[in-house]
Amino acid sequence: MSCIAVIPARYASTRFCGKPLANQTGKYLIQHVYEQAAKASSIDDVIVATDDRRIVEAVESFGGRSVMTRNDHPSGTDRVAEVAAGLDCEIVLNVQGDEPEIEPEALDRLVALIRQSEHPMATLACSFDALRTQGIEADPSDPNCVKVVCDKGRAIYFSRSVVPYEREAHAAYQGPWLHLGTYAYRREFLLKLASLEPTTLERVEALEQLRVLGHGYSIAVQVVERAALGIDTPADYAAFVKRYEEEERHGGTEARRGIEGRRDEET
């Protein structure tokens, strides 16, 4: 099954306008995301979906591929679906444009999951305990940390509240799980999803993935051990720049050269 990753990128972010074009690392933020997605062995192509010519020009400047979309999409999913309508592939990956540290291995595991399952859609999750091992302090009660309830490898519900409520401690339960907003879709289902009416719970929680469950479809969940931090604010970006520069000082450049060298050998 061929797979194409689509990265929705909007210029007019409320909390960080022009975010995809931030370039204090010497690369555009959108370039970091693009390059990480391109490292995933299961992805055949990467496309940036945007409504702003400045982002198109930035992507072209580093040799990437981009597509202009309408500027009235209510969500990133709708923007990805517009691009998917013109693609010839079986699987479409929706990679968030503000996660420059997304791990290629996590994307490969997500693609493998949807290829092996019968679900029309798949997503990622991570335990809050695993976040702490990364030095990330995330509060499960924070409504900005979306939780997913899983059972037998599929999503039962997504919520901004902590669910389920543990009346008594249960050794078999390892949650709560933090939902990571990267999705894999079977292309035909993605096109259908964009035409479905929003559901009541989707509006209540302001979580578009609830539209899938509300209309009776299933979402497979791949649990990963690490979470990529999204860049929502200038302060988040400054922290990323600091991490990136630290990595560069400790040999990150040589590691990337090694990857690029292996790619050259493969081609």
Side-chain angles (χ1 to χ4, degrees), residues 1-10 33-34 36-38 40-51 65-67 69-70 73-99 102-126 146 148 150 152-158 177 179-199 201-202 205-224 228 230:
M1 292 185 183
S2 58
C3 174
I4 295 179
V6 181
I7 306 171
R10 192 168 60 95
V33 181
Y34 192 102
Q36 287 298 99
S41 61
S42 58
I43 293 176
D44 299 297
D45 199 1
V46 182
I47 301 171
V48 174
T50 183
D51 60 356
R65 181 182 175 190
S66 63
V67 173
T69 62
R70 299 192 339 245
H73 286 303
S75 72
T77 301
D78 295 291
R79 194 176 308 282
V80 171
E82 180 186 341
V83 174
L87 298 178
D88 181 17
C89 64
E90 288 84 14
I91 297 170
V92 178
L93 214 59
N94 180 347
V95 180
Q96 300 302 309
D98 60 1
E99 294 187 358
I102 185 71
E103 295 191 340
E105 295 82 1
L107 299 180
D108 282 332
R109 291 176 67 184
L110 183 60
V111 174
L113 175 63
I114 197 168
R115 282 175 171 164
Q116 296 164 6
S117 75
E118 297 180 354
H119 300 282
M121 177 176 169
T123 192
L124 299 173
C126 181
V146 177
V148 56
C150 307
K152 297 180 179 179
R154 64 187 178 93
I156 301 299
Y157 190 65
F158 297 86
W177 300 101
H179 176 233
L180 307 177
T182 301
Y183 300 99
Y185 310 90
R186 299 187 189 280
R187 175 181 172 276
E188 295 304 319
F189 175 72
L190 174 58
L191 301 183
K192 183 173 185 177
L193 174 59
S195 68
L196 296 176
E197 288 294 322
T199 62
L201 287 175
E202 174 188 355
E205 294 259 22
L207 297 174
E208 61 181 299
Q209 60 268 40
L210 289 175
R211 184 183 312 179
V212 178
L213 303 183
H215 283 278
Y217 297 98
S218 58
I219 303 175
V221 179
Q222 174 66 60
V223 174
V224 293

Out of curiosity, [X] [atom1] to [Y] [atom2], how far, rounded to the nearest 0.5 Å?
{"X": "S218", "Y": "R154", "atom1": "OG", "atom2": "CZ", "result": "7.0 Å"}
{"X": "L207", "Y": "L201", "atom1": "CG", "atom2": "CG", "result": "10.0 Å"}
{"X": "Y185", "Y": "C3", "atom1": "OH", "atom2": "SG", "result": "12.5 Å"}
{"X": "L196", "Y": "E202", "atom1": "CG", "atom2": "CD", "result": "9.5 Å"}
{"X": "L93", "Y": "D45", "atom1": "CG", "atom2": "CG", "result": "12.5 Å"}

Tell me if a side-chain donor or acceptor on [X] pairs with a main-chain N or O of [Y] at a distance below 3.5 Å.
{"X": "D78", "Y": "H73", "value": "no"}
{"X": "Q222", "Y": "L113", "value": "no"}
{"X": "T123", "Y": "T182", "value": "yes"}
{"X": "Y34", "Y": "R65", "value": "yes"}
{"X": "E90", "Y": "S2", "value": "yes"}

Between [X] and [Y], is any side-chain donor less than 3.5 angstrom from a side-chain acceptor?
{"X": "T69", "Y": "R79", "answer": "yes"}
{"X": "H215", "Y": "T199", "answer": "no"}
{"X": "E205", "Y": "Y157", "answer": "yes"}
{"X": "S42", "Y": "D108", "answer": "yes"}

* Could you walk me through whether L191 and R187 pass side-chain contact (heavy atoms from CB on, under 4.5 Å), step by step? => CA-CA 6 Å; L191 301 183; R187 175 181 172 276; 3.9 Å; yes
Minimum heavy-atom separation for [X] and [Y], please, with both atom names.
{"X": "V92", "Y": "A84", "result": "CG2-CB, 4.0 Å"}
{"X": "I114", "Y": "P120", "result": "CD1-O, 3.8 Å"}
{"X": "E208", "Y": "S75", "result": "OE1-OG, 3.2 Å"}
{"X": "A184", "Y": "I91", "result": "CB-CG2, 4.5 Å"}
{"X": "S117", "Y": "R186", "result": "O-NH2, 2.6 Å"}
{"X": "G230", "Y": "E99", "result": "CA-CG, 3.9 Å"}

Taking the side chain as every heavy atom from C-beta outward, state whether [X] and [Y] have any pair of such atoms under 4.5 Å apart.
{"X": "L107", "Y": "I43", "answer": "yes"}
{"X": "K192", "Y": "Y217", "answer": "yes"}
{"X": "R10", "Y": "D51", "answer": "yes"}
{"X": "W177", "Y": "V221", "answer": "no"}
{"X": "I7", "Y": "I47", "answer": "no"}

* To do: Report the C-alpha distance between V212 and L193 in whole Å, list the side-chain angles of each, state the deciding distance to 0.1 Å, and finish with yes or no for side-chain contact (heavy atoms from CB on, under 4.5 Å).
  => CA-CA 7 Å; V212 178; L193 174 59; 3.7 Å; yes
* Verdict with reasoning, Q209 to H179, per side-chain contact (heavy atoms from CB on, under 4.5 Å) -> CA-CA 11 Å; Q209 60 268 40; H179 176 233; 3.4 Å; yes
* Which of these, L213, L190, I219, sits in a side chain to side chain contact (heavy atoms under 4.5 Å, CB included) with M121? ->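 Testing M121 for a side chain to side chain contact (heavy atoms under 4.5 Å, CB included) against L213, L190, I219 leaves exactly one candidate, I219.
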* **side-chain contact (heavy atoms from CB on, under 4.5 Å) between L124 and R109, intermediate numbers included** => CA-CA 9 Å; L124 299 173; R109 291 176 67 184; 5.7 Å; no
* Is the number of heavy atoms from other residues, nucleotides or ligands under 6.0 Å of R115 CZ greater than 12? ->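 Atom CZ in R115 is crowded, with more than 12 foreign heavy atoms closer than 6.0 Å.
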